[in-house]
Amino acid sequence: MAQPFPYTYYTCDCFDSNNPLASKRGPQPLEEDERDFDPHNPRSNYTLYPLEQLLYCEDCQQIRCPRCVAEETINWYCPSCLFEVPSSVVKSDGNRCTRNCFNCPVCTSPMTTNSLDQHGDGPPYILACPYCKWSTVEIGIEVEKGTGISAQLAKIANGGHPIPSLKERDKERERKKELESRRREKDAMSPTQDSPTTDTERDSTPSHDDLFYNLSSFYKSQIDAQTPSNPFSSAEINFSSPSAYSRIMSMYSSSSRKNKRSKPAPARDAASILEGLSIHDPSNDAQAIERIKREGWSTTLQPSQKLAQPDPTIRFSDELRPLATLLCTKRSKRCRSCRHILSKPENKITSTRYKIKLLALNHIPRISMRALPSQYTQSSSAPSATATPFAYDALKPGIPTHFLLHISNPLFDPIRVTLATPSTTPGKVQSRVTILCPQFEVGANTDVWDDALASSLSPIKHSAQDAGQIEAGKIWDRGRNWTSVVVEVVPGFLDGVPGLASSIGPGAAPPTSTNDGRKRSGTGALRDVGEDDGDLNYDEDVLEIPVFVRLEFEADVNAEERGLGDSRGSKGEREKREEAFWVVVGLGRIVEI
Amino acid sequence: MSSRPAARRPAPKGEYIETDSGNKVSRRSAITGTANIMLGGRTVIMADVVLRGDLHSTRPVPSSSGKDVTPTSISIGRCTVISTGSVIKPPCKISRGQTHYYPIKISDNVFVGPNCTISAISISSHVHIGANVVIQPFAIIKENVKILPNTVIPANMIIASGSVVGGQPARVVGEVGEGWGVSGGGSGGGLGVGGGGEEKWVEGGDLRELVRSIK
């Protein structure tokens, strides 16, 4: 989901099973140094999440992303009428609302039940879309009652014709079959007569539903014909029946009756319309083409509209049906590796609370990056100039810009943070990034009042006189549970400039490089990313900085058993812990000079 | 504009008039029918916001005391922020040739982005509405919903809690994470947490800090 700049995304370890962090924890300085993270890699799309979406497994002591949790459905509900649907109904009727909720087949917005009566209440009723003004009048459907719409719609075909029920269909099919067999007998007796079978098939092309029911009943009869004749099917074994004994005896006795049993006729496929066979008829296509010629493209459907329909083979707008609203689910989430529940919402549909919710927010420090207010960077500028907000959408290439990287600690123990970032960002636009103070401590998340009462930790005062004194190796500012450090960023040039972006030579830059990077992206996005040309791919002008974060802290051994209480009261054992993960900070978009 | 308070106090005039309960109402907002508008407290009405309180229900309100009760047309909860240029207009229905307005209820900690047009019947708490969103009459928005910028929510649509909606017309495009609105223990001082721009607040979370920072 698109987020405004600047944003921070966190990676989850599960993106790579070969990841050493996923298998065992501990200091692996060499391997970690060698590994790198490229936010522009297509795979990275599936590993980066905003912190709000991540969970934390306290047993595995790891971040859990939506890809490495197992979901269990607690209940189904209709998002429109907010009624719970029992799982048995979901199994029998499918995952759609069986009440009155429908979506417009043209624009997907929810439909309302309107009365066509003069006074506004009373039959007949129609479904109407308040957004695109489509209504069931256009397909000739009106219903008698204002409630139980889906049950009524199931009985009315487009144009107001009744839809036969399942029993009626069966009867009709039997009748037709009989007719056909009688006709065949007649044909056999008087072969000179023209074969009349063609016109019975012609009289009406069967609907999608008819074919489906014909086919399903045909398959049912086939299965019924197959099952009893198969003596080895496990379902048939019943040791108390004489047939089972005779079968077992025949296996051991001499093969006198062997292979005498009539072999079941091999299952055949549907051979006629009554059995659900539909043969492509070119005249249908010709008719459709004629109709498009006559009525124009406006009567045809978009692919998305077609695919949303119960019958995706329809072509024209008068064949549309209102779509019953799809159900939603409430789900609990478990850790895939240790099966512990990570999040469990309350069962009630209307409740938004959780019984269990283990958020990464409570275990992983929040990292954010903001532009350093300009009064600290430009000593000469007047204070009034600070009022203009920093333009993250227009980073100027080649000009060193200072940012504040802010880390706030949700843990109840102080943490020691080590940051690492590649000196030039990966990707075609190479920006130089320097974290001026890569190692520092962040205080514990103690009571808010400690901040006010304690005077020992006096914040570093930055006055306008300090301007320009950004010192390497020193933190910028700190508070109760947060620390900020300065990061110097030199945004790269969009077209390769010798010296700064060495891998993209000046000759490699295409002659169209004066255009905006996004304009060229239409073709670039389709191209293989690995292809090494000077052209920019989609969003490659976005300055994303991968930062490797490693935390070290001492925590109570049994902190999890007690829940996340304040650790100060306990005198339990302390153990050293560490966390390590990549974050990607999207700082902004680089513009051309 | 006639509705603007004509007070010419010698006190320094800021952008906002602050009420006893901490509501901050911009002097440049256009509010009609103030008697029919309820603000919960610590709520911000920014410049160029239009609140149509005059469009109240004309049906007689059954009152126990026998006196006329002023009908409420717009009620807004606590710590809700209505950004610049947004219009809040109670939804109306035409029935038997008469126009009937219905009261609009906006709950606590709702952020309404700039230049929105809102005619919903109810917006629950912890809802974040992006810029240029249109909410057509009688829509119901439940708790913990994020509405992406430039969304058009059709009339009568109900948005279940925890959804992310976007598009024209709006459809549910995702779910907010479990951490929606949780600022975490990490929101210390200084500049801060993700999603909320330069401020110490998160989308869908407690907007008290944001309200405090608006001056």
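Reckoned from all heavy atoms, side chains included, excluding hydrogens, waters and symmetry mates. Just so it is clear, the structure is predicted and the values come from calculations on it, not from any experiment.
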Go through the steps for A/Y131 and B/Q168 under the test side chain to side chain contact (heavy atoms under 4.5 Å, CB included), then give the verdict. CA-CA 9 Å; A/Y131 187 81; B/Q168 300 157 354; 3.7 Å; yes
Reported CE-to-CE distance for the pair B/M157 and A/M111, which is rounded to 0.5 angstrom: 13.5 Å
Straight-line distance of A/S109 OG to B/R171 CZ, nearest 0.5 Å: 9.0 Å
Return the minimal non-hydrogen interatomic distance between A/P130 and B/A155, and the atom names on each side. CG-O, 3.4 Å
With a cut-off of 6.0 Å (strictly less than), are more than 12 heavy atoms of other residues, nucleotides or ligands near NZ of A/K355? yes
Close contacts, residues 76-83 of chain A versus chain B, judged by heavy atoms under 4.5 Å: A/Y77, A/P79, A/S80, A/L82
Before giving the answer on side chain to side chain contact (heavy atoms under 4.5 Å, CB included), spell out for A/E52 and B/V176 the whole-Å C-alpha distance, their side-chain angles and the decisive distance to 0.1 Å. CA-CA 8 Å; A/E52 296 87 55; B/V176 299; over 6 Å; no
When every non-hydrogen atom of B/P169 is compared with those of A/T108, the smallest separation belongs to CG-OG1, 4.2 Å
Do A/T352 and B/E143 pair up side chain to side chain, a donor and an acceptor below 3.5 Å, judged on atom types alone? no
Under 4.5 Å from any heavy atom of chain B - which part of A/Y354: side chain
Which heavy-atom pair separates B/E178 from A/S343 by the least distance, and what is that distance? OE2-OG, 3.2 Å
The interface call for B/Q136 against chain A, heavy-atom contacts under 4.5 Å, is side chain
Atom NZ of residue position B/K142 - does it have more than 12 heavy atoms of other residues, nucleotides or ligands inside 6.0 Å? no
Toward chain B, the part of A/L54 with a non-hydrogen atom under 4.5 Å: neither
Take a 6.0 Å sphere around CZ of A/R334 and say whether it holds more than 12 heavy atoms from other residues, nucleotides or ligands. yes
Checking heavy atoms, do the side chain of A/S484, its backbone, both or neither come under 4.5 Å from chain B? neither
